[in-house]
**Q** 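Pasting a structure here, questions to come.
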Amino acid sequence: MNKPVLTDDLAAPSRRLLLKVGLAAGGGLLVGLAPAFAAAAAADTAILNAYVRIAPDGGVTIAAKNPEIGQGIKTMLPMVIAEELDVDWGAVRIEQAPVDFKAYGAQFAGGSMATPLNYDLMRRVGAAARSLLIAAAALRWNVPTAECDTTPGAVRHTASGRSLLYGALATSAAALPAPDLAKLPLKNPKDFRIIGQSHHGIDSPKVVTGQPLFGIDVVRPGMLYAVFEKCPVFNGTVVSANLDEVKAQKGVRQAFIVKGGSEPAGLRDGVAILADSWWRAQKARKVLKVVWNEGEGAGQSTAGYAARAVELSKQPGTKSLRKDGDTDAALAGAAKVVEAAYAYPFIAHAPMEPQNCTADVRGGKAEIWAPTQTPQSGLALTAKTLGMAEADITVHMTRCGGGFGRRLNNDYMVEAAKISQMAGVPVKLLWSRADDLQHDFYRPAGWHFLKGGLDAQGKVIAWRDHFVSFGDGDKFASSAGMSGTEFPARLVDNCLIEASLMPTQIPTGALRAPGSNALSFALQSFIDELAHAAGQDPVAFRLALLGEPRLVGKAADGLFDTGRARGVIELVAEKSGWDKATLAKGEGMGVGFYYSHRGYFAEVVKATVAADGSVTVNKVWVAGDVGSQIINPTGAETQAQGAVLDGLAQALGQEIVIAGGKAQVENFDGFALLRMPQSCPVEVHFRLTDNAPSGLGEPALPPVAPALCNAIFAATGVRLRRLPVDTELLKRA
Amino acid sequence: MAYRIKVNGKVREADVEADTPLLWVLRDTLDYRGVKFGCGAGLCGACTVHLDGQPVRSCQTPVSRVKDRAVTTIEGVGESAAGKAVQAAWLAHDVVQCGYCQAGQIMSATALVAANHHPSDDDIDAAMGGNICRCATYIRIRAAIKTAAASLAKAG
Ligand code: FES
Ligand code: FES
C-alpha cells in the first residue's frame with residue numbers, strides 16, 4: 001500500500017507547517033498552510049491555494065484537500081475546519097482542492113489516514129482564521145482580543161454588545177501577521193456544534209439528481225474516446241496487430257500500438273483504439289487481433305501456487321517475522337496442540353466506476369482529469385512515463401466511483417496520458433468491466449500453516465504461523481506481507497512467525513484494510529479453534545488471551561492496547577446478547593476481533609446454515625474504538641456498515657482464479673458482489689476512549705469474515721479453513 | 001441512421017448505428033451523463049432508466065428498440081412525485097457513499113414505489129436485486145425506499 005512516509009509524530013504536524021495568511025483576489029481573507037521550507041522560500045508571495053477563503057460579502061469557502069472515493073472525506077475535513085472557524089455549516093461552500101503538495105501536503109485516500117493526519121491540523125487552520133478575524137475586530141474597536149468572542153459567522157465584543165460579520169473583517173484580517181499554528185487555542189469538544197453531528201455528503205444532492213461529478217463524466221472539447229487492449233497474461237507484450245482492419249471500422253479515427261515499460265504499476269504494452277464514441281471504439285475491439293508475446297507469466301495459475309504453498313509449508317520458512325521464546329519446546333510440552341492450514345484467494349476490487357481517465361497532452365503540457373486515490377503519485381508516474389517535467393503536468397481530482405485501494409495505482413492515468421500524447425488529441429480512456437477485472441492489482445492469495453499449544457488450563461502457550469505468500473527473495477509483493485505484530489503476537493510468550501515467498505507476475509495491491517482483510521480470517525478463525533479445543537467460550541477465551549488492560553509491544557511497531565481490545569469485545573458481547581442468545585436450529589453466532597489502521601473492532605455475526613449448505617447472515621453487531629471523537633456520525637456508521645458487508649461479500653463468494661496466466665473472469669457474473677437480498681442489518685456501536693481520533697474506511701472490515709466462519713462452525717460443527725465459503729462442505733445429508 | 005427518442009419529455013435526435021445501446025446514446029451523444037456504465041452486460045443496474053415508467057437496463061437496450069416509448073433518466077426522474085420522494089429520502093437517510101451506483105438505484109426504487117406504496121422487504125429484494133452497490137449502502141437504500149413509499153402513501 002502506498003503509505004505516506006511519516007517523518008514526524010502524527011499528532012504534531014503543526015510543527016512542520018506554517019500558517020500562510022493572504023489577501024484574496026477581490027478582497028477578503030485567505031488562510032492556508034505551507035511546509036516550513038516552502039513558506040520561507042516564498043515568504044512574501046501571495047498564497048494561491050488556501051484552505052479557507054472569506055470574501056468581503058461574507059461567503060466562506062473551504063477547500064477539501066483529499067480525493068473523495070465515497071469515504072466522505074470531502075464533507076468531513078471541511079466540517080472540522082468549519083467547527084473551529086465558527087461558522088454555520090449550511091453557510092459554507094466546499095471546493096475540491098487542486099493537487100498541490102506545497103499548499104496541501106500529501107493528498108491521498110488510503111490507509112484510513114486522513115483523520116489521524118489531519119484532524120488536529122484542520123482544527124488549527126479553522127482556529128487560525130477565527131483568531132485573525134477576532135484580532136481584526138479588536139483592532140477596529142480598539143479593545144483587547146480577550147474581550148472578543150465569536151458567534152457563528154460574526155465577532156462580538158461581549159461588553160459593548162457590538163458585533164461585526166466575518167465578511168466585514170476579512171480584508172483587514174488578511175493584513176495581520178499569521179498566528180503560531182501550534183499555540184492556537186482550540187475549542188473544548190463539549191462546545192462542538194458541527195463535529196459530532198451528522199451531516200450528509202455535501203455532493204449528495206448532485207449525486208441523486210445525476211449531475212456530472214465522476215471521472216467518467218469528464219468531457220473535453222475535441223476529445224476522442226479510447227479503449228486499450230492489454231495482454232491477458234500479465235506483463236505480456238505486443239508483437240503485432242491488425243491495425244488497418246481496426247482503423248476501417250466505423251467511427252475509428254486512430255489505432256496504434258503502445259509500448260510499455262517496467263515501472264511498477266506503470267504503463268504496459270497494448271493496442272489503443274480511438275473513435276468518435278466509446279461504443280464504436282469498444283465495438284472495434286471485436287475485430288482486433290493481436291499477436292502477443294505472453295512472456296514468463298503464461299505458466300502461472302492459482303492452482304499451481306496452492307500446490308507449491310503446501311510444498312513450501314513442509315520446509316522451514318525463509319523469512320523470519322517473529323521469534324519469541326522457544327515455540328518448538330512449548331509445543332512439545334503442551335497439554336494440547338492444534339494444527340490447521342488456512343487459505344484465502346486472490347480477489348479483485350471492482351469499484352463500481354470502471355477505470356477511466358481523460359488526458360490532454362499537447363504542446364509540451366499535460367492536463368489530466370482522473371478518479372484517483374493518489375493524484376500526486378499519479379502525476380509523478382505520468383511525468384516519468386511521458387518524459388515530461390512535473391511542473392508541466394496538471395492533475396485534476398474528480399470524484400471517484402469507489403476506490404477500495406484500486407485507485408492507489410495510476411496505471412489507467414498513464415495509459416490515457418500516453419495515448420493522448422501519441423494521438424495528439426485529448427482522449428477519454430474508459431475500461432470495460434472485463435478490463436477492470438482482468439487487469440487489477442489483486443488482493444493476494446495467502447496460506448497459513450498454523451500450530452497452537454495449550455496448557456492444561458487451556459491457556460495459549462505457543463503460537464506458530466508459517467505464512468506462504470508472494471514476493472521476490474525476501475521482499476514481499478505489494479500488500480502480500482505480514483508484520484510480526486499481528487494479533488495474537490505479543491500476547492503469547494512462545495511465538496514463531498515465519499514466511500516463505502513465491503515469485504509471481506500477478507499484479508498485487510492493497511484492498512480495503514490491506515493485509516488485515518485476509519490475515520484476520522486465518523488468525524481469528526484459528527483462535528476460535530483453540531478456544532473450542534480449550535473448552536472455553538470464544539469471547540472469554542479472547543479476553544483471557546488479552547489479559548489485563550495494558551500497552552504491549554514496542555513503540556516503534558505501534559503499541560497494542562489490550563484495554564481497548566477488551567473494551568470492544570465486551571461491548572459487542574453485550575450488544576449482541578452473546579451470553580443469552582437463544583438460537584434456532586441451523587443458527588450460530590461467531591465472534592471476531594481485529595486491530596488495524598489504528599482502530600479496534602470486534603464483531604459478532606449471527607448466521608443460519610440451511611440443509612442445502614446455503615448460508616444466510618441474519619445480523620452483524622459491530623463495536624469499534626477509533627478514539628475520543630466520532631466526527632460525522634452518519635458517515636462513521638455507513639463506513640462501518642459498508643466495510644462489514646464488503647467483508648461478508650468477500651468471504652461468501654469472491655475469488656479470482658488465474659489459469660494459463662490469465663484471470664478467468666469477464667464480468668460480475670464471475671465475481672460476486674453483494675446484492676440487496678444478501679444484505680443484513682449491521683448494528684454499529686462506538687466506544688469513545690481518550691485517544692486521538694482515527695480513521696474508519698477500513699478497520700471495521702477484517703473481523704467479519706472470521707466472525708462469519710466462527711458462526712458457521714457454531715451452527716454446523718464444520719470448520720471452514722478456506723475462503724470463499726464452500727457451501728458443499730456445509731450440506732447436511 | 002438518425003433516431004428520434006423522447007428523453008425527459010424532450011424529443012432528441014441521435015445519428016448512431018441501430019445496435020448502439022441506449023446507454024451510450026444517452027451518455028455520449030445526448031449528454032445525459034448521470035446515467036452510469038458499470039458492466040455493459042445487464043448485471044449491475046448502474047445504467048437503469050425508465051421506458052414508459054418501467055425500469056430497463058439501458059446497456060442492454062439498443063436504441064432502435066426504444067421507438068416512441070418515453071425515456072426517463074436520473075436527470076428527469078425528479079419531475080415525478082415518486083422520483084422526488086425517492087431523491088428526498090436518499091438525502092434524508094444519507095444513502096450515498098461513492099454515489100456511482102445511485103442513479104441506477106434511484107431509478108429502480110422509483111419504479112418500485114410508484115407502483116407499490118407499501119413495499120415489503122421481499123418486494124424490495126425483488127425490485128432492487130439487479131442493482132449492485134459496491135459500497136454496500138443497501139441498509140440505507142432499504143430504509144430510504146420505505147420512507148419514500150410512506151410519504152407517497154400519505155400523499156395518497
Ligand atoms: S451497465 Fe447496464 S447493467 Fe451494468
Ligand atoms: S454508493 Fe458506491 S457503488 Fe453504491
Side-chain angles (χ1 to χ4, degrees), chain A residues 68-72 198-201 203-205 207-214 216-217 219 225 250 277-280 282-283 350-354 399-404 430 432-433 634-635 638-639 641-646 649 666-669 673-682, chain B residues 16-17 19-21 23-25 27-29 31-41 43-44 46 73-78 86-88 90-103 106 121-122 124-142:
Chain A
E68 175 63 58
I69 61 173
Q71 83 282 43
S198 284
H199 296 282
H200 71 61
D203 283 334
S204 296
V207 170
V208 303
T209 50
Q211 296 177 47
L213 292 167
F214 298 91
I216 197 175
D217 301 334
V219 171
Y225 296 81
K250 179 139 183 137
S277 80
W278 188 78
W279 173 249
R280 285 172 171 167
Q282 176 70 3
K283 215 174 146 188
M352 211 64 216
E353 179 187 16
R399 187 178 183 91
C400 301
F404 312 104
L430 171 61
S432 69
R433 182 55 65 186
T634 174
T638 196
Q639 284 303 307
Q641 290 176 331
V644 162
L645 294 178
D646 194 354
E666 286 281 332
N667 213 315
F668 289 134
D669 47 355
L673 295 176
L674 199 82
R675 290 176 186 270
M676 178 65 89
Q678 291 118 40
S679 176
C680 68
V682 179
Chain B
V16 294
E17 291 86 274
D19 66 350
T20 310
L23 167 64
W24 298 107
V25 175
R27 277 192 64 83
D28 289 351
T29 312
D31 207 32
Y32 296 95
R33 283 172 280 160
V35 187
K36 291 294 185 275
F37 162 62
C39 69
L43 297 166
C44 77
T73 71
I74 185 70
E75 289 90 345
V77 75
V86 168
Q87 287 170 331
W90 247 240
L91 294 179
H93 287 271
D94 193 25
V95 170
V96 174
Q97 284 195 28
C98 84
Y100 193 79
C101 72
Q102 299 296 349
I106 287 171
D121 281 330
D122 286 347
I124 293 174
D125 285 348
M128 304 303 292
N131 287 83
I132 294 174
C133 175
R134 174 65 182 87
C135 302
T137 60
Y138 299 113
I139 296 167
R140 291 184 177 188
I141 291 176
R142 189 183 295 280

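For clarity, every value in this text was computed on a predicted model and none was experimentally measured. Chain naming here is simple, since letters A, B, ... match the order of the sequence lines and numbering starts at 1 in each. Hydrogens, waters and symmetry mates play no part in the numbers below; they use all other heavy atoms, side chains included.
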**Q** Quick check: closest heavy atoms across A:Phe404 and B:Cys135, and the distance to 0.1 Å?
**A** CZ-SG, 3.9 Å
**Q** For B:Val86, is it the side chain, the backbone, both or neither that has a heavy atom under 4.5 Å from a heavy atom of chain A?
**A** neither
**Q** Which region of B:Asp19, side chain (C-beta onward) or backbone (N, CA, C, O), has a non-hydrogen atom less than 4.5 Å from a non-hydrogen atom of chain A, or is it both or neither?
**A** both
**Q** Any side-chain donor-acceptor pair under 3.5 Å between B:Gln97 and A:Thr638?
**A** yes
**Q** Heavy atoms only: give me the nearest B:Gly38-A:Pro354 pair and the separation to one decimal.
**A** O-CG, 4.0 Å
**Q** Please classify the contact of A:Val219 with chain B as side chain, backbone, both or neither, using a heavy-atom distance under 4.5 Å.
**A** both
**Q** For A:Arg399, check salt bridge (Lys or Arg N to Asp or Glu O under 4.0 Å) against everything at least two apart and list the hits.
**A** A:Asp203
**Q** Counting only non-hydrogen atoms closer than 4.5 Å, does A:Pro351 touch chain B with its backbone (N, CA, C, O), its side chain (CB onward), both, or neither?
**A** backbone
**Q** So, for A:Ser432 and B:Phe37, which heavy atoms are closest and what is the spacing to 0.1 Å?
**A** CA-CZ, 4.1 Å
**Q** Given that the side chain runs from C-beta out, which part of B:Leu91 has a heavy atom under 4.5 Å from chain A: side chain, backbone, both or neither?
**A** both
**Q** With a 4.5 angstrom heavy-atom cut-off, is it the side chain or the backbone of A:Leu430 that approaches chain B, or both, or neither?
**A** side chain
**Q** Would you call the rings of A:Trp278 and B:Trp24 parallel, tilted or perpendicular if under 30° counts as parallel and over 60° as perpendicular?
**A** tilted
**Q** Name the option with the most non-hydrogen atom pairs under 4.5 Å to chain B; the candidates are A:Ile216, A:Leu674, A:Val682.
**A** A:Ile216
**Q** Answer yes if the side chains of A:Thr634 and B:Asp94 hold a donor-acceptor pair under 3.5 Å, and no otherwise.
**A** yes
**Q** Charged N to carboxylate O under 4.0 angstrom, A:Arg675 versus B:Asp125?
**A** no
**Q** Against chain A, label B:Leu23 side chain, backbone, both or neither, depending on which of its atoms sit under 4.5 Å from a heavy atom there.
**A** neither
